[in-house]
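Chain naming here is simple, since letters A, B, ... match the order of the sequence lines and numbering starts at 1 in each. Values below: every heavy atom of this structure, side chains too, minus hydrogens, waters and symmetry copies.
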Amino acid sequence: MTDTPDYRSTVFLPATPFPMRGDLPKREPDLLARWNRIGLWDRTRAAMAGRPAFVLHDGPIYSNGHLHIGHALNRILKDVVMRAHRMAGENVDYIPGWDTHGLPIEWKVEEEYRKSGRDKDAVPVLDFRDECRRYSAHWLAVQTEEFQRLGVIGGWAGRYATMDFGSEAAIAGEICKFLLNGALYRGLRPVMWSPVEKTALAEAEIEYHDRTSDTVFARFPVLGTGPLAGASAVIWTTTVWTLPGNRALAYGPEIDYALVHVDSVAEGSLARPGERLLIALALVPQVCAAAGIATHHVAHVYKGTELAGLVCAHPLRGQGYDHDAPLLAADYVTTDQGTGLVHTAPAHGEEDFLLSRAHGIEVPEAVGPDGTYADWVPLFAGLHVFKAAAPVAAALEAAGGLLARGTLLHSYPHSWRSKAPVIYRATPQWFIRMDGPEAIRAKALEEIARVAFVPEAGRTRLASMVAGRPDWCISRQRAWGVPIPVFVERRTGEPLRDPAVVSRITDAFEQEGADAWYSSPPSRFLGNNRDPDAYEQVMDIVDVWFESGSTHAFALEARGGPWPADLYLEGSDQHRGWFQTSLLEAVGTRGRAPFKAVLTHGFVLDENGRKMSKSLGNVTAPQEVTDKLGADILRLWVVNSDVSEDLRIGPEILKQQAELYRRLRNTLRWLLGSLDGFKENERVPEAAMPELERWVLHRLAELDRRVRGALASHDWTGVYPEIHAFCSSDLSAFYFDVRKDALYCDPADSPRRRAARTVLDHLHRCLTAWLAPVLCFTAEEAWLARFPSEDGSVHLQQFPPIPAGWHDAALGARWAKIREARGAVTAALEAARLEKLIGASLQATVTLPQADAKLLDADGWAEVAIVSGAGFGDALAVHRAPGGKCARCWRVLTEVGQQPGHPALCVRCAGAVGPLACDQAAAE
RNA sequence: GGGCUGAUAGCUCAGCGGGCUUCAGAGCACACGCUUGAUAAGCGUGAGGUCGGCGGUUCGAAUCCUCCUCGGCCCA
């Protein structure tokens, strides 16, 4: 017996310090610190100077609370897209943005006031605004930290915020563009109003409680000469006090209406035998019961559409209520309750207002701030609306208009603060006109046709919203925001349109912030030639959606960057929000859209497709993911999802992403290990490479095309899954597995080994670059493991240029066939393994069908199938390989045992080891 | 109730100008085996789906149409 020498030390095994385990939660913060230390962002910007620009304009996020998973999705996706464009050689700045004004922040500050026992109304407005500003600044800083932890890189120091003085000045300036071009007007609009606090309330300040309201059924006599003339349209209302404000009736075009002939009535009924009433057919029984109509017959049934054009009189006609009440079609009318005909008071309901406005009906300002009827209101002037039900009903009854009375216990809005019931009340508000001479709606629709939408469905969604929306109400009766910096001339009621005043205002805001509006006397803005007493200073603030709709002006245009942006990228809810307001703002002021393309993503749901909520306990917080698994896992989740749809996340899905990550990491690790000691002079030109290597280069060329395609289309879906499949199927399970023999056992300078190492070098460069936008931490680690440097970074690299010649479709097709045939071989090997004929595949030789000889020669097949020998015959067969096992490369060959000096080796290994043995001997 | 959108193996996704290369694919997870020179790794094989449901168009549908169920965004 001879001792077989241990040849392990003569094999070129992978060696790398790149660890198998990511330890991301620990390692990522170190990399962030390193990037800060080496000034990565600034160096990135400097390196890009002068290149063609790609502009992704960041939508502002609300500075209120910690980031949730939706924020993480949005800004990781943006980060990936921008990093990819950077690595494609484009000049990509990132200016993160914040939405810092608005009601929710006012609320938080008020809440803090309450906790400390202070009364918000006693606090001067400037102090209150200052508190709000500090609150926003706090969360802006917290969120900045959290974004950075997610790996989002950008100009954090140069971020924009709507509360910056420059932003406030710019927003005021944008409002004034609408003022000067005539699209801004003041009109009446119903808002939720608390008569107790004498203030408008937002939806969030409303709470619902049960309340008993008086109800009435009322007759509206049909005018004219048609078949319905003399009949009464019957309405039902739970807000009797709004009847003086009636200006129309609404019907449902799809609803059937009955002309009911009253035959007899119960005792005490206000109905009259012989009269004719118009009611929705489905509600006839209920109305008859309520009105005490004992017997009746339906004289005729009308389709809703047949009611078009009818006009009724107000029941109090002749007592100051002489206006007509036309019947108008409305799709919100139902036959759930009431009469199927809806009393419409444009000052006292959102739907009423929109319907009336669409038909050019004026909005009466019938109720004052304290909840009493205005002086001009006939019969009821000065009466409080909550005490009006009885007098109004009495007046109706006296006029013959009352059909029935009742009460109803229902859920009714109350003020969150005073707990008192609220009303809808018409108040003066500021609007931007959609269909005036400025033709904002028409131009916006033209722009929508021009812009690129990814996915395409966004186009119709945005277009239908723009087509159907009313004029834009931009005023709010609030404190934390940008004032609508307008003076109204008391004499005419007209807003002052003076460019000199506008520029005094914006100059002051630029220097002092919008606080100047509150702290300065009006004369400062009006100038010396105008009498301050002749003007009313508007103290409303602008809707925060107008502010965010203006970000393109101050965060893009004013900073000197290209305008419009190449891309807006937000969640699909922004069709109604930011996409739309930005479009309308830009079209109204500049005549065109502020973006060339719009990319939308879906919403993040839990693993069962349900919305996340604290009460369900299914919330995934980004901070938890980074702490437990690492930001790279979360980033991988983003690109492995189809972001055009809603996406899901939860423990199982994250576990899967962690598994996918490990495969990627191990691919990089093996590459690094196998490239150990790689020298430039090892390189082999492509033409001199084996086909297998050229096939890998072809696959790289295909993936490069995929990446470039995504850059152009903005559609990244599927790109990273494909890169993963490449690492897993093409590399790990095939190319690496096949080439281990040559890499480990060939002599260092063998052409085959050198070609493989040349390809591994390309693979390393391509994969680290392609993965860098997503796995920004891991790719950096894999880059530095290969190219250690004090201040180097993969993020300063570009996607490697791929020579056109690498792409070889014919080669790709050929190797697809080879791998198909290989699949048959591995299946046969598995069968042989099951029969205990072989264990490792190198214990086998195979016979391949003669047809496969056209694809590769016998040595080629042995190599690709990782067996010790191959030949051709009638059919696929597996045999136990004859000969001995080479102690170095483990192939089983008959030549083993015949090599002088190396009885345990094959020819190739004896040659590879020979000189080494001499060296060892010499050393000893 | 309306506009837009979705429902394919346990999970993430392909396939959706109908049949022909896929009426069912891939990766991951899972089971079993191999390897022990990527080793808290690697390779192979296998088992998973009546393509949300009912119906229709067609010689033929996951792929087209109606309706229904469940989900999402935005409104009402």
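- Remark: Tyr661(A) is not in phosphate contact with C28(B), judged by side-chain N or O atoms under 4.0 Å from OP1 or OP2.
- For Lys885(A), there are no salt bridge (charged side-chain N to carboxylate O under 4.0 Å, His left out) partners two or more places apart in sequence or in a different chain.
- Only one option out of Asp761(A), Thr768(A), Thr16(A) pairs with Arg786(A) in a side chain to side chain donor-acceptor pair (under 3.5 Å); it is Asp761(A).
- Within the 4.0 angstrom heavy-atom criterion, only backbone atoms of the sugar-phosphate kind lie near Glu351(A); the bases stay farther away.
- Proximity note for Thr826(A) (side chain, C-beta onward) versus A38(B), U45(B), A14(B): the nearest is U45(B).
- Heavy-atom distances to RNA chain B give each of Ser729(A) and Trp890(A) a nearest nucleotide, and the one nearer the 5′ end belongs to Ser729(A).
- For Arg706(A) and Phe726(A), the positive end is not near the middle of the six-membered ring at less than 6.0 Å and at most 45° from its axis.
- Note on Trp637(A): nothing from the nucleic acid sits closer than 4.0 angstrom, heavy atoms only.
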Pair up each side-chain donor or acceptor in residues 457-467 of chain A with any protein partner under 3.5 Å, not counting sequence neighbours, and list the distances.
unit_1	atom_1	unit_2	atom_2	d
Arg459(A)	NE	Glu456(A)	OE2	2.7
Arg459(A)	NH1	Ile448(A)	O	2.7
Arg459(A)	NH1	Ala449(A)	O	3.3
Arg459(A)	NH1	Val451(A)	O	2.8
Arg459(A)	NH2	Val451(A)	O	3.2
Arg459(A)	NH2	Glu456(A)	OE1	3.4
Arg459(A)	NH2	Glu456(A)	OE2	3.4
Thr460(A)	OG1	Ala457(A)	O	3.0
Ser464(A)	OG	Thr460(A)	O	3.2
Ser464(A)	OG	Arg461(A)	O	3.1

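- Remark: Phe546(A) pairs with Phe178(A), Trp472(A) by the ring-ring contact (aromatic ring centres under 6.0 Å, His included) rule, at least two apart or across chains.
- Between the side-chain ring of Tyr7(A) and the base of G37(B), no stacking contact exists by the 5.5 Å and 30° definition.
- Taking His359(A) as the reference, nothing meets the ring-ring contact (aromatic ring centres under 6.0 Å, His included) condition, with sequence neighbours excluded.
- In this structure, Trp670(A) places its CH2 atom 21 Å from P of U35(B), rounding to the nearest Å.
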Report summary line: Applying the Watson-Crick and G-U criteria (both distances under 3.5 angstrom) with [ ] for crossing and | for other-strand pairs, one obtains for RNA chain B (((((((..((((...........)))).(((((.......))))).....((.((.......)).))))))))).

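- For RNA chain B, the neighbouring residues in residues 569-576 of chain A, judged by any heavy atom under 4.0 Å, are Ser572(A), Asp573(A), Arg576(A).
- For Arg663(A), the listed nucleotide lying nearest its side chain is C43(B); candidates were C43(B), A38(B), C13(B).
- Rounded to whole Å, atom C1' of C34(B) lies 14 Å from atom CG of Leu837(A).
- Remark: Asp676(A) pairs with no residue by the side chain to side chain donor-acceptor pair (under 3.5 Å) rule, at least two apart or across chains.
- For His724(A), the ring-ring contact (aromatic ring centres under 6.0 Å, His included) test picks out no residue, with sequence neighbours left out.
- Across all strands shown, Gly839(A) has heavy atoms under 4.0 Å from sugar-phosphate atoms exclusively, and none from any base.
- Nearest to the side-chain atoms of Ala827(A) among the listed nucleotides A76(B), U45(B), G27(B) stands U45(B).
- Base contact: Asn666(A) has a heavy atom under 4.0 Å from a base atom.
- The list of salt bridge (Lys or Arg N to Asp or Glu O under 4.0 Å) pairs with a residue in residues 821-845 of chain A, not counting sequence neighbours, reads Glu830(A)-Arg833(A).
- Between the side chain of Asp606(A) and the backbone N or O of Arg610(A), at least one donor-acceptor pair lies under 3.5 Å.
- To the nearest angstrom, P of G1(B) lies 16 Å from CD of Gln337(A).
- Picking from C34(B), C4(B), G71(B) the nucleotide with the shortest atom distance to the side chain of Ala457(A) gives C4(B).
- Backbone-only engagement by Ala840(A) is indicated by non-hydrogen atom pairs under 4.0 Å involving sugar-phosphate atoms exclusively.
- For the ring-ring contact (aromatic ring centres under 6.0 Å, His included) test, no residue two or more places apart in sequence or in another chain qualifies with Phe678(A).
- The salt bridge (charged side-chain N to carboxylate O under 4.0 Å, His left out) with Asp746(A) is formed by just one residue from the set Arg757(A), Arg753(A), Arg752(A), Arg888(A); it is Arg752(A).
- Note on Arg461(A): a base of the nucleic acid sits closer than 4.0 angstrom, heavy atoms only.
- Contacts between residues 645-659 of chain A and RNA chain B, defined by a heavy-atom separation under 4.0 Å, are made by Glu645(A), Asp646(A), Arg648(A), Glu652(A), Ile653(A), Gln656(A), Glu659(A).
- Rounded to an integer number of Å, the gap from Leu636(A) CG to C28(B) P is 13 Å.
- Of all nucleotides listed (U45(B), G71(B), C43(B)), G71(B) comes nearest to the side chain of Arg610(A).
- Between the side chain of Ser732(A) and the base of A38(B), a donor-acceptor pair under 3.5 Å is found.
- Between G42(B) and Lys740(A), no contact under 4.0 Å exists linking OP1 or OP2 to a side-chain N or O.
- For the side chain to side chain donor-acceptor pair (under 3.5 Å) test, residues two or more places apart in sequence or in another chain that qualify with Asp730(A) are Arg699(A), Arg819(A).
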